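The structure presented is a predicted model; accordingly, all values stated were derived computationally and were not measured.
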Amino acid sequence: MQKRWTVKKYQPIQEQQLQSALKIHPILCRLLVQRGITKYDEARHFFRPSLEDLHDPWIMKDMDKAISRLEEAFFRQEKILIYGDYDVDGTTAVATVYGFLQSLYSNIEFYIPHRYREGYGISMQGIEYARDNDFTLVVALDCGIKSIEYITYARSIGIDFIICDHHLPDPELPPAAAILNPKQEGCPYPYKELSGCGIGFKLISALAQKKGRPMQEVYAYLDLVATSIAADIVPMTGENRILAFHGVKQVNETPSAGIKALIQLSNLKEKLTTSNLVFVIAPRVNAAGRMDDARKAVNLFIEKDFDKAYAFAEMLHGDNMERKGIDMSITQEAVSIIQNDISLHGRKSTVLYQPHWHKGVVGIVASRLIDKYYYRPTIILTQSNDKVAGSARSVSGFNVYEAIHQCKDLLENYGGHFYAAGMTLKPENVTAFQAKFEEVVASTINPDLLIPEIVIDTEINLADLTPAFYNIMRQFEPLGPENLRPVFLARNLMDTGFSKIVKEEHLKLSVKQRNGGSFSGIGFFMADKFELINHKKPFDLVFTVEENEWNGTVSLQLKVIDIRASA
């Protein structure tokens, strides 16, 4: 599919000022300015993230109340339940807080709601479990900020909540003993974008200080915090960058038994980055909740014995293999439905329903359809008990939650945000919902948004891509939202005559630019572009840069994103 290329604007004066301070390549200064770094000190903090620059946890609103309530529970020997969601952020948060509290106090358990029986966040079953087992304090992680009704009920039966959540609060808050959420009104905490696990980390940081425990006991959980930051797609700025930097370092040097087991099972040999955490570690953790029970993910993370951790990791690995098979077969079925139904061609949205599709993978299938086949807002629906449940995913720039909100008269329940949402409806409303959602999207979406956009950081000459340039650029790690891997555009390249198709679907390039030397590159699943570069005519290339090792020799290569004929 044709893609739009958008090259970011730049600020020449700020770039020049930064360049005179840092004395590095002007293009590197351009990349830094685009990331909000305009002064020498900001660059120093960016390139050398220090744990000493983390904010004092006591600045967070209600931290004093949270620690006071925990200490009261310790003193009274109350039973404490650590409650978290079933995704990566929730399970790492539970493992972090449970693991640290267990070193101080024994009367403690953890609880993960079942994805299908209970759904997301605080559930009535969870509160009933707490009541029936005499828990009087629940620490809710990565959830709870919107659970006013359930937490009000819990309070009425003598169960207090400490909420550690990073989702945007509504004006009305639950009646909890303490709410830790930097996004709540009146919270002076300077960094607002922590993950749920990051807020749990702040809680145990404050508790360690109060108890006079060394911070190294808290830092032992940084590998889990980094995993949550990478997987939950929170901005890789400020404190998240510091936590992720040191967490990734720990993943590579002294990982917990659970992370080490997942690394071994994934056959990862190279040094790990946030990208490995997102695409290799996170799917295995998420698969536990998607296919079965996410409690085993927490058991994996809190297990100290490597052999036992490896057994849990094998379960997650097995869940992930099953998940992959199911989501690929559903994707193929979905593509076939669209191809064979003329009424679905030319639509501005995709809404598909099959009662037998697995509820745990419908969101993944929606994303896959957008990424690889039909670039338009997509909803995948399936049967869930006597209701129909589904997941929505959007294209860049389109608010899918708002579009679903306009169909609310046909829905039983819905929730989500700009790019992803979930909903339930009655089976008899599916056809009407498909029509209404298409009507809303068709009448509100800018046609440009139906063409995938590639956002390019800057144009560059191949001659600028030296090992010294790359060594500084590599220090942009850890990468993530608001600090993505730099994307470059090089114009008027020529094929050297050595480019070829490999394994029938990938493009192995060898390109040159006047005065720029030659570079090799790889374009995965881009064999169809071979004719474009093989005509002895100039072409433009969008790419990222990476290291390639072959027969013991390390060299830079271009990882191709798109190609088009030069103007």
Side-chain angles (χ1 to χ4, degrees), residues 1-8 27 31 275 279 328 331-332 334-336 338-339 345-346 350 367-376 378 395-397 447-465 469-470 473 479 484-550 555-567:
M1 70 180 78
Q2 184 69 33
K3 294 175 181 172
R4 291 181 289 144
W5 292 7
T6 304
V7 183
K8 288 181 185 174
I27 294 253
L31 297 172
S275 181
F279 295 110
M328 288 307 292
T331 302
Q332 286 163 4
V335 170
S336 174
I338 296 169
Q339 286 174 341
H345 298 184
T350 299
S367 295
R368 207 183 290 283
L369 284 176
I370 291 170
D371 291 343
K372 290 195 171 175
Y373 302 98
Y374 305 99
Y375 193 78
R376 54 203 192 195
T378 296
V395 296
S396 183
D448 282 352
L449 298 184
L450 295 168
I451 304 166
E453 181 184 33
I454 300 171
V455 178
I456 298 159
D457 287 274
T458 184
E459 286 190 39
I460 197 167
N461 292 317
L462 295 186
D464 293 322
L465 296 173
F469 180 99
Y470 182 75
M473 197 179 76
L479 302 168
L484 295 169
R485 186 178 302 282
V487 174
F488 299 111
L489 166 60
R491 296 193 189 273
N492 294 306
L493 306 186
M494 295 293 286
D495 176 30
T496 64
F498 294 101
S499 298
K500 59 185 179 183
I501 294 170
V502 291
K503 296 185 178 172
E504 296 182 5
E505 53 186 3
H506 310 308
L507 188 56
K508 188 86 177 81
L509 286 101
S510 177
V511 300
K512 61 185 177 182
Q513 190 176 36
R514 192 180 301 155
N515 306 325
S518 60
F519 262 88
S520 65
I522 183 75
F524 291 109
F525 306 105
M526 296 180 78
D528 59 322
K529 302 279 188 182
F530 182 65
E531 285 305 307
L532 184 63
I533 67 169
N534 201 31
H535 277 154
K536 305 294 182 211
K537 289 181 180 173
F539 52 89
D540 301 341
L541 206 64
V542 177
F543 59 92
T544 58
V545 186
E546 61 185 13
E547 277 186 333
N548 181 44
E549 188 173 341
W550 177 251
S555 60
L556 297 182
Q557 78 168 0
L558 315 179
K559 188 173 181 186
V560 182
I561 297 170
D562 203 10
I563 310 172
R564 66 168 63 153
S566 295

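The OG1 atom of T350 sits 4.5 Å away from the CD1 atom of I338 when rounded to the nearest 0.5 Å. In this structure, CZ on F539 lies 7.5 Å from CG on L532, to the nearest 0.5 angstrom. In this structure, the separation between CG on L541 and CZ on F488 is 12.5 Å, given to the nearest 0.5 Å. To the nearest 0.5 Å, atom CE of residue M494 and atom NZ of residue K536 are 7.0 Å apart. Separation of atoms CE (M526) and CD1 (I561) is listed at 9.0 Å; rounding is to 0.5 Å.
Of all the heavy atoms in Y375 and S396, the pair that sits closest is OH-N, 3.4 Å. Minimum heavy-atom separation, F543 to L465: CE1-CD1, 3.8 Å. The shortest heavy-atom contact between L449 and G397 is CD1-O, 3.5 Å. The two residues L462 and V511 have their closest heavy-atom pair at CD1-CG2, 4.2 Å. Of all non-hydrogen atoms in K529 and L507, the two that sit nearest each other are CB-CD2, 4.0 Å. Between F469 and I460, the shortest heavy-atom distance links the atoms CZ-CD1, 3.9 Å.
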Pairs of donor and acceptor atoms involving the side chains of residues 517-525, under 3.5 Å and at least two apart or interchain, shall be tabulated with distances.
none

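Between the N548 side chain and the S555 main chain, no donor and acceptor come within less than 3.5 Å of each other.
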So Q2 and R564, side-chain contact (heavy atoms from CB on, under 4.5 Å) or not? Walk me through it.
-> CA-CA 10 Å; Q2 184 69 33; R564 66 168 63 153; 3.8 Å; yes
Show your reasoning for whether side-chain contact (heavy atoms from CB on, under 4.5 Å) applies to I370 and V395.
-> CA-CA 7 Å; I370 291 170; V395 296; 4.1 Å; yes
Mind running side-chain contact (heavy atoms from CB on, under 4.5 Å) on L493 and L509 for me, showing each step along the way?
-> CA-CA 11 Å; L493 306 186; L509 286 101; over 6 Å; no
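With sequence neighbours left out, N461 forms a side-chain hydrogen bond (donor to acceptor under 3.5 Å, both in side chains) with no residue at all. Considering only residues two or more places apart in sequence or on other chains, Y470 meets the side-chain contact (heavy atoms from CB on, under 4.5 Å) condition with M473, R474, V545, E547, L556. By the side-chain contact (heavy atoms from CB on, under 4.5 Å) test, L484 is found to be paired with no residue, residues two or more places apart in sequence or in another chain being considered. For A527, the side-chain contact (heavy atoms from CB on, under 4.5 Å) partners two or more places apart in sequence, or in a different chain, are I501. A search for side-chain contact (heavy atoms from CB on, under 4.5 Å) contacts involving R485 returns E477, L479, T544, not counting sequence neighbours. T378 is linked by a side-chain hydrogen bond (donor to acceptor under 3.5 Å, both in side chains) to nothing, counting only residues two or more places apart in sequence or in another chain. Under the side-chain hydrogen bond (donor to acceptor under 3.5 Å, both in side chains) criterion, K559 pairs with no residue, sequence neighbours left out. In this structure Q332 satisfies the side-chain hydrogen bond (donor to acceptor under 3.5 Å, both in side chains) test with no other residue, sequence neighbours excluded.
A salt bridge (charged side-chain N to carboxylate O under 4.0 Å, His left out) check over residues 486-501, counting only residues at least two apart or in different chains, returns the pairs E459-R491, R491-D540. Identified under the salt bridge (charged side-chain N to carboxylate O under 4.0 Å, His left out) test for residues 510-520, with sequence neighbours left out: none.
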